[in-house]
Amino acid sequence: MAGPGPFLAVFAGLCAFGAALACLLPQRRQPAALAWLGSAAATAVLVASGQVLFFGKTFSLQLWPVLSLGRLALAMDALSAFFVFVLGLVFLAVSVFSASYLAKYAATYSLRYFGLAYYGFFASLVLVPLASDVLTFIVAWEVMSLISYLLVNFEHESQESTEAGLLMIAMSEAGAIAVVVALAVLVNAGGTLGFDGIRAAAPALGAGMRFSVFLLVFFGFGVKAGLLPVNSWLPRAHPAAPTNVSALLSGVMVNLGIYGILRFDADLVPPHGAGYGLLVLAFGSASALVGILYATIQFDLKRMLAHSTIENMGIVTAALGAGMAFSAAGLPALAAIALIASLYH
């Protein structure tokens, strides 16, 4: 079987073809076309990431040089393959569901608009874990954030949708600014955009700079993951968005907040000292507790699911924090168990 590269190329081609087709097809044919092409694109992603995850295949692609800071690059290791695989599973289910669900919008909203945003969202979500340099990552992250806003605000005639979308994009951009500042510090320290160069330069970072980067990254990605206290956008966006978009918010996008914390605070710049992990554990535990308490008093199903998402992301983060603390304390077996629990959840 061919490696991951050809299947990722098929995925990119299907997203581009789907976006073009969304502009051409009449409204009544849009849901079926999105279901078929979205499912095919999700299958291509599942095959590509499955090869890395289960069969040890590799993928890397060098793109264009950027001044003296190296080349833009894409790569898929086991960590990114795991998140891409989960992403593909969710998109497969959502694409199938959308065939019947989107028909109700045909008379009121533009399904061409939805199709364009859907394929763009899918492509940007896959590009985030594939990015192997800072610039590609930031661009993919911003495109993902902006398109998620467009999808949440799809029912733009509803004031609830408009207000929820604005709150989400405002908080998302605040988190993105924190991430950009942290990554700028890492690029300056390493003299390169590439993740490999940043990883190599990380041991030379001073304690103060390392802790500052850790806090900025944790805050920035914590917004997207829906962690306390920057989680207020999620209970607003979830009920306002179309149901298939709500599934993508809870099943995919918040997971990439966890990916960002893992990639930058555990992989590229691993913590020195258990205190870092204990801080993550504390915020994760608080998010889980507050999330489930709010979920139990909701009478709106989608709002209840939004608070349940916050709870689950808190559990994931708490296990991740425990893994970081165990790793820093020199207990690799316990760290591995905690990380497996986090990723499993």
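Note that the structure is predicted; figures quoted are calculated from it, not measured. The chain is numbered in sequence order, starting from 1. Quick note: numbers below take in every heavy atom, side chains included, and nothing from hydrogens, waters or symmetry partners.
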Quiz item: Does Arg71 come within less than 4.0 Å of Asp133, counting only side-chain N to carboxylate O?
Solution: no
Quiz item: Within the distance-only criterion (no hydrogens, no angle test), does the side chain of Arg210 pair as donor or acceptor with the backbone N or O of Pro270 below 3.5 angstrom?
Solution: yes
Self-check item: For Ala178 against Phe219, the heavy-atom pair lying closest together
Solution: CB-CD2, 3.6 Å
Exercise. Heavy atoms only: give me the nearest Glu155-Ser161 pair and the separation to one decimal.
Key: O-CB, 3.4 Å
Quiz item: If we only count heavy atoms from C-beta on, is the Leu130 to Leu8 side-chain gap below 4.5 Å?
Solution: yes
Quiz item: Taking the six-membered ring for Trp, are Phe122 and Phe91 parallel (under 30°), tilted (30 to 60°) or perpendicular (over 60°)?
Solution: parallel
Quiz item: Around Phe97, counting heavy atoms of other residues, nucleotides and ligands shown, do more than 12 lie under 6.0 Å from its CZ?
Solution: yes
Practice problem: Heavy atoms only: give me the nearest Leu281-Ala322 pair and the separation to one decimal. | Solution: CB-N, 4.3 Å
Quiz item: Same hydrophobic cluster for Ile337 and Val280, using side-chain heavy-atom links shorter than 4.5 Å among ILVMFWY?
Solution: no
Practice problem: Answer yes or no: is there a side-chain heavy-atom contact under 4.5 Å between Phe59 and Leu74? | Solution: yes
Practice problem: Run the numbers on Phe121 and Met253 for side-chain contact (heavy atoms from CB on, under 4.5 Å), then give the verdict. | Solution: CA-CA 10 Å; Phe121 193 44; Met253 194 172 76; 4.0 Å; yes
Exercise. Would you check if Pro229 and Phe283 make a side-chain contact, meaning some heavy-atom pair closer than 4.5 Å?
Key: yes
Practice problem: Would you indicate whether the side-chain heavy atoms of Ser148 and Leu248 approach each other to under 4.5 Å? | Solution: no
Quiz item: If you round to the nearest 0.5 Å, how far is CE of Met168 from CD of Glu173?
Solution: 10.0 Å
Quiz item: Closest heavy-atom contact between Ala19 and Leu116?
Solution: O-CD2, 3.3 Å
Quiz item: Taking atom NE2 of His307 and atom CD1 of Ile297, what is their separation to the nearest 0.5 Å?
Solution: 7.5 Å
Quiz item: Are Leu53 and Phe85 side-chain neighbours, meaning at least one heavy-atom pair lies under 4.5 Å?
Solution: yes
Practice problem: Look at the rings of Phe137 and Trp141 and say which category their plane angle falls in: under 30° parallel, 30 to 60° tilted, over 60° perpendicular. | Solution: parallel
Quiz prompt | Audit row: Tyr149, Leu166, side-chain contact (heavy atoms from CB on, under 4.5 Å) steps and yes/no | solution = CA-CA 8 Å; Tyr149 161 74; Leu166 288 173; 4.0 Å; yes
Exercise. Give the ring-plane orientation class for Tyr101 versus Tyr105, where under 30° counts as parallel, over 60° as perpendicular and anything between as tilted.
Key: perpendicular
Practice problem: For residues Ala44 and Val10, report the shortest heavy-atom separation together with the two atoms involved. | Solution: CB-CG1, 4.2 Å
Practice problem: Please check if the side chain of Ser327 supplies one atom and the backbone of Pro332 the other of a donor-acceptor pair under 3.5 Å. | Solution: no
Self-check item: Between CZ on residue Phe214 and CG on residue Leu205, distance to nearest 0.5 Å
Solution: 14.5 Å
Quiz item: Near Phe17 CZ, under 6.0 Å, is it more than 12 heavy atoms from other residues, nucleotides or ligands?
Solution: no
Self-check item: Residue pair Asp77, Ser80: steps toward the side-chain hydrogen bond (donor to acceptor under 3.5 Å, both in side chains) verdict
Solution: CA-CA 6 Å; Asp77 59 10; Ser80 54; 2.9 Å; yes
Quiz item: Where do Asp265 and Val213 come nearest, in terms of heavy atoms and distance?
Solution: OD1-O, 4.2 Å
Quiz item: Atom OG1 of Thr243 and atom NZ of Lys302: how far apart are they, to the nearest 0.5 Å?
Solution: 4.0 Å
Quiz item: Would a distance-only check, ignoring hydrogens and angles, find a side-chain to backbone donor-acceptor pair under 3.5 Å from Ser246 to His238?
Solution: yes
Exercise. Find the distance between CG (Leu228) and OG1 (Thr317) and round it off to the nearest 0.5 Å.
Key: 11.0 Å
Quiz item: Donor-acceptor pair, Ser39 side chain versus Ala35 backbone, under 3.5 Å?
Solution: yes
Quiz prompt | Tyr109 side chain to Phe114 backbone, donor-acceptor under 3.5 Å | solution = no
Exercise. Go through Phe264 and Phe195 one step at a time and tell me if the ring-ring contact (aromatic ring centres under 6.0 Å, His included) criterion holds.
Key: CA-CA 9 Å; Phe264 292 99; Phe195 286 176; 5.4 Å; yes
Quiz item: When the ring planes of Tyr113 and Phe154 are compared, do they come out parallel, tilted or perpendicular, using 30° and 60° as the limits?
Solution: parallel
Quiz item: Short question: side chain of Gln30, backbone of Leu25 - any donor-acceptor pair under 3.5 Å?
Solution: yes
Practice problem: Please examine the side chains of Leu87 and Asn255, heavy atoms only from C-beta on, and report whether any two atoms are closer than 4.5 Å. | Solution: no
Quiz item: Can you tell me how far OG1 of Thr192 sits from CG of Leu186, rounded to the nearest 0.5 angstrom?
Solution: 11.5 Å
Exercise. Answer yes if Leu249 and Leu305 sit in the same cluster of Ile, Leu, Val, Met, Phe, Trp and Tyr residues linked by side chain heavy atoms under 4.5 Å apart, and no otherwise.
Key: no
Self-check item: 4.5 Å side-chain heavy-atom contact, Leu125 and Leu256
Solution: yes
Quiz item: With a 4.5 Å heavy-atom cut-off, do Ser145 and Lys224 have their side chains touching?
Solution: yes
Quiz item: Checking Asn188 side chain against Ala184 main chain: does a donor-acceptor pair fall under 3.5 Å?
Solution: no
Quiz item: Can you hop from Leu92 to Phe54 via hydrophobic side chains spaced under 4.5 Å?
Solution: yes
Quiz item: Should Leu216 and Val180 be counted in the same cluster of Ile, Leu, Val, Met, Phe, Trp and Tyr side chains packed under 4.5 Å apart?
Solution: no
Exercise. Output, in order, the C-alpha distance, side-chain angles, deciding distance and verdict of side-chain contact (heavy atoms from CB on, under 4.5 Å) for Ile169 and Leu146.
Key: CA-CA 7 Å; Ile169 194 65; Leu146 291 172; 3.9 Å; yes
Self-check item: Same cluster (ILVMFWY, side-chain, under 4.5 Å), Met313 and Tyr344
Solution: no
Quiz item: Is the Tyr259 to Phe221 ring centre distance short of 6.0 Å?
Solution: no
Exercise. For Leu262 and Phe83, run side-chain contact (heavy atoms from CB on, under 4.5 Å): C-alpha distance rounded to whole Å, both residues' side-chain angles, the deciding distance at 0.1 Å, then the answer.
Key: CA-CA 11 Å; Leu262 261 170; Phe83 280 86; 4.1 Å; yes
